[in-house]
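Working notes for the structure below.
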Amino acid sequence: MELFRYSRSIYGGSNQLIGANWDLLPVFVGAAIAFIILHAILSARAKRRRQRSS
Amino acid sequence: MDEAPSGNSQIAAAPSPRVSRHKALDRLYHWLMAICIFILMATAFLPILGFKFEWLDIHWITGVALAVLVIFHIVRAIGWQDWRNMWIGFADIRDLWRNVAHLLGARKTPPLPGKYDAAQKLYHLGVAIVVLSVVGSGLLMLLKIDTPLWRRNPYVFSSDTWGIIYVVHGMAAMTVVAIVIIHLYFALMPESWYLLRAMFRGSISRKEYLEHHDAARWKA
């Protein structure tokens with residue numbers, strides 16, 4: 001997957017960098033959701049451990 | 001008849017049942033910033049996802065409003081508030097390590113923080129970097145559009161430089177989306193409801209203060 005978007009320069013020559021690749025948006029959203037799931041699992045386990053020891 | 005003793009008998013005032021956490025101006029700033037961020041995300045990404053509408057004017061005007069809010073916050077935090085509340089020190093690094101240890105089961109109880117815990121301070125640092133990046137690059141991009149104050153001039157930077165500015169703006173914008181999702185999760189956790197209420201009411205109860213914070217690190 002490309003990180004950036006390019007377009008061909010109207011003056012010819014090499015490709016012109018024009019911005020970030022918007023196809024990365026699901027990657028950023030997915031990373032946030034993965035972090036949340038991991039935190040939720042670890043928090044639930046920590047809570048169960050506290051309840052067992054009290 | 002005995003008279004009541006006079007003199008310098010001082011009765012210590014009972015602590016207030018509520019502890020002030022956020023002044024009204026700061027709560028207003030937080031919610032205005034949230035509204036701006038949501039409008040900016042919607043006008044940025046809905047057209048990309050296929051919902052076509054005239055998004056540019058709403059986007060840049062809201063972006064300028066966000067820039068004003070950010071400048072207000074920086075000035076207020078440095079001049080009128082205690083910026084050290086957000087400073088990440090050795091104690092916070094230690095607390096972060098202890099929090100991770102608690103999550104992984106190596107430690108029974110998490111440490112008590114000051115006004116903001118280490119994760120909140122790190123989140124604030126991350127948001128500051130990302131929002132300053134997206135606002136800074138966005139303000140430069142204003143040079144490419146006609147506004148009531150100036151005519152556009154795309155030649156102020158080279159094509160390569162514009163490419164970098166657009167990359168910074170796009171990457172920072174997508175990071176904002178991830179950060180907002182994570183912020184909503186932490187704000188809506190039951191353990192954080194007392195903080196969410198404080199962002200409306202401005203205060204927390206003395207019980208919540210003593211239960212969740214170290215009184216030596218946050219004197220209230």
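Convention: sequence-line order gives letters A, B, ...; per-chain numbering from 1.
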Between chain A and chain B, which donor-acceptor pairs sit under 3.5 Å apart?
from     : atom 1 : to      : atom 2 : distance (Å)
B:His102 : O      : A:Arg49 : NH2    : 3.4
B:His102 : NE2    : A:Arg50 : NH1    : 2.9
B:Leu103 : O      : A:Arg49 : NH2    : 3.1
B:Ser159 : O      : A:Gln16 : NE2    : 3.2
B:Asp160 : OD1    : A:Gln16 : NE2    : 3.2
B:Tyr185 : OH     : A:His39 : ND1    : 2.8
B:Tyr185 : OH     : A:Ala40 : N      : 3.4

Restricting to non-hydrogen atoms, name the atom on [X] and the atom on [Y] that form the minimum distance, rounded to 0.1 Å.
X        : Y       : answer
B:Ala178 : A:Ala32 : O-CB, 3.6 Å
B:Ile164 : A:Leu17 : N-CD2, 4.0 Å
B:Met171 : A:Leu24 : CE-CD1, 3.6 Å

Handout entry: Set of side chain to side chain donor-acceptor pair (under 3.5 Å) partners for B:Arg18, sequence neighbours left out
Key = B:Ser203
Problem - Partners passing side chain to side chain donor-acceptor pair (under 3.5 Å) against B:Asn153 (at least two apart in sequence or in another chain) - result: none
Completion exercise
Looking only at A:Ile18, A:Ile36, A:Leu3, the option with the highest number of non-hydrogen pairs under 4.5 Å against chain B is A:Ile36
Do any side-chain atoms of residues 26-36 of chain B form donor-acceptor pairs under 3.5 angstrom with protein atoms, and if so which ones, sequence neighbours left out?
from    : atom 1 : to       : atom 2 : distance (Å)
B:Asp26 : OD1    : B:Arg76  : NE     : 2.5
B:Asp26 : OD1    : B:Gln81  : NE2    : 3.2
B:Asp26 : OD2    : B:Arg76  : NH2    : 3.0
B:Asp26 : OD2    : B:Gln81  : NE2    : 3.0
B:Arg27 : NE     : B:His22  : O      : 3.1
B:Arg27 : NH1    : B:Phe200 : O      : 2.8
B:Trp31 : NE1    : B:Met199 : O      : 3.0

Exercise for the section: Measure distances from B:Ile179 to the heavy atoms of chain A and classify the residue's part below 4.5 Å as side chain, backbone, both or neither. Expected result: neither
Problem - Which atoms of B:Ile48 approach chain A - backbone, side chain, both or neither, heavy atom under 4.5 Å - result: side chain
Practice task
Answer yes or no: are there more than 12 heavy-atom neighbours, outside B:Arg206 itself, under 6.0 Å from its atom CZ?
Solution key: yes
